[in-house]
Amino acid sequence: MSCETHELEPFKLERFFAKWEFVAPHQLCCSDSEPLTVAELLSFADADAQQRWDGLRLAYTETQGLPELREAIAAAHFTSVAADQLVIGAPQELLYLCMQALLRPSDHVVCCYPGYQSLYSVAHSIGCEVEMWHVDRTADGTPVFDLHTAEQLIRPTTRLVVVNSPHNPTGAHFTGEQWLQLCRLCRANDAYLFSDEMYRHLELEAADRLPAAADMLEQTGISLSGMSKAVGCPGLRIGWLAIKDRPLLERVLELKDFTTICSSAPSEILALIGLRSWDAILERQLAIIRANLEALDAFFARWRQIFDWQRPCVGTVAFPRLLTGESVAVWCEELVQQAGVLLMPATVYDHPQSTAEARFRLGFGRRNLPTCLQHLDAWLAARYGPIRVAQPAVENTQQWRAAKQVAKC
């Protein structure tokens, strides 16, 4: 991308959701886990949090965020980040403020791609030279970000490396050794590492969880996370940015005075309840995800002539392929119009390879996934009836996956 400054381009993914999210009855591409009700979240409140909630005054809050909330985040999510090194805000706002505070025109930025558009579009609008670190595939189709490619992209003049792992939309995830290698590359080139960790804690195996970037690098690791994905509270609009570089943190706070100034007082208390009950809520969410993956394995086994499916081992999203040769954008449009089932075509990511491969984003974090699959099943049967095939004749899908190594990640 060129180094000239640009106006921010329309956010294709968000414009897609603006059109369909609140009218399509069967959401099958959402990236969050099952949203909690306020009553469910309040049921987790301890005595202190309940008292704070009952006596809450709808006044302004601290720009940096409720101190007790920052303390809870530091204790639960980091090993070396202090409460005063955290900023509370909406995740998208924090991403934008951090890029504005850190970057200048002509800075060199490396960003994982495809991905959430603001991760690279904000830098592009500032006038940075943005190079894309494209997702790769192993021989069995597993998505990966190759570290040999990173070694070629990251150079002594690189200002910022932007990653998202677990990755949206592909489900790619760094191994511990790859994560360590990437941090070494950033340190060796004096580059900041901005890590979108919104899907951290949604690993099916806790051993796959990576340390936060802010813990990995002494001054130049920046971690973004929040309440939206892992514990199903996107409506709170509460996230956090961990920055050890004090001047950068102060600049983010100065810029925040020009956006929201401070967070919603009710949202901060509800987020505090969620943080203090993180493990219990996460256990519920992971149970839903595991059950949904079993349902998806069975579904894609039935329709293996129509789709290519690699079972993810992290997160709440996958990026299957449509194998029929049809335009994935047209196919998704017809699906939502005719069956009310919403899937997201790769075209929203402006990633030519994913579009050419006819990929689409599928979300499996919500409890209504089996119902969505029933409607998708019926539509597929009407459209491709003669092509539909039966599952392999084994006792269950788990055995079939083990035999065929589909579940390998």
Side-chain angles (χ1 to χ4, degrees), residues 1-15 87 89-135 145-147 149-165 167-169 174 182-198 213-214 216-217 219-224 239 241-256 258-259 348-354:
M1 293 186 177
S2 72
C3 301
E4 297 179 4
T5 58
H6 300 271
E7 290 186 4
L8 278 172
E9 298 176 357
F11 204 129
K12 286 191 175 182
L13 182 148
E14 296 299 345
R15 291 298 89 207
V87 182
Q92 180 77 300
E93 174 195 22
L94 295 174
L95 185 159
Y96 181 83
L97 294 177
C98 186
M99 299 275 182
Q100 293 290 339
L102 181 63
L103 299 175
R104 296 293 179 269
S106 80
D107 280 347
H108 182 245
V109 176
V110 174
C111 185
C112 288
Y113 190 58
Y116 196 60
Q117 184 177 326
S118 53
L119 291 172
Y120 49 88
S121 278
V122 175
H124 183 229
S125 73
I126 291 170
C128 297
E129 178 191 355
V130 182
E131 286 197 81
M132 299 306 194
W133 183 7
H134 291 260
V135 68
F145 284 99
D146 183 63
L147 267 294
T149 304
E151 290 174 352
Q152 297 170 358
L153 291 171
I154 301 170
R155 58 200 195 212
T157 57
T158 300
R159 177 66 166 169
L160 179 66
V161 177
V162 183
V163 296
N164 165 218
S165 186
H167 183 248
N168 173 14
F174 295 114
L182 178 62
C183 290
R184 286 171 178 162
L185 273 172
C186 291
R187 186 182 292 111
N189 289 279
D190 199 26
Y192 284 84
L193 176 61
F194 184 99
S195 177
D196 174 353
E197 298 167 4
M198 296 298 293
M216 292 291 288
L217 293 166
Q219 289 292 314
T220 55
I222 303 169
S223 293
L224 173 72
L241 197 62
I243 305 175
K244 290 180 178 176
D245 181 333
R246 194 68 200 183
L248 177 60
L249 176 68
E250 292 294 341
R251 183 56 181 158
V252 168
L253 290 172
E254 290 172 353
L255 292 177
K256 196 168 186 284
F258 291 90
T259 55
V348 304
Y349 294 101
D350 278 338
H351 186 242
Q353 180 180 346
S354 297

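Quick note: residue numbers are just sequence positions, from 1.
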Shortest non-hydrogen contact between Pro169 and Pro114, atoms and distance: CD-O, 4.1 Å
Check: Leu193 and Cys183 side chains under 4.5 Å, non-hydrogen atoms: yes
Check: Gln100 and Arg251 side chains under 4.5 Å, non-hydrogen atoms: no
Counterpart residues, ring pair (Phe, Tyr, Trp, His ring centres under 6.0 Å), relative to His108 (two or more places apart): none
Any side-chain heavy-atom pair of Leu185 and Leu147 under 4.5 Å: yes
Minimum side-chain heavy-atom gap Leu160-Met99 below 4.5 Å: yes
Modelled atom types, side-chain donor and acceptor of Glu131 and Tyr113, under 3.5 Å: no
Residue pair Tyr96 / Ser118, side-chain heavy-atom distance below 4.5 Å: no
For the student: nearest non-hydrogen atoms of Thr158 and Val161, plus distance: CG2-CG2, 4.0 Å
Contact check, side chains of Leu8 and Ser125, non-hydrogen atoms, under 4.5 Å: yes
Heavy-atom check, side chain of His167 versus side chain of Phe145, under 4.5 Å: yes
Euclidean distance, Leu102 CG relative to Ile126 CD1, rounded to 0.5 Å: 8.5 Å
Glu151, CD atom: more than 12 neighbouring heavy atoms under 6.0 Å: yes
Phe174 and Trp133 aromatic ring geometry - parallel, tilted or perpendicular at 30°/60° bounds: tilted
Non-hydrogen atoms of Pro156 and Asn189 that approach each other most closely: N-OD1, 3.0 Å
Atom CZ of Arg15: over 12 foreign heavy atoms under 6.0 Å: no
Close side-chain approach of Leu224 and Phe194, heavy atoms under 4.5 Å: yes
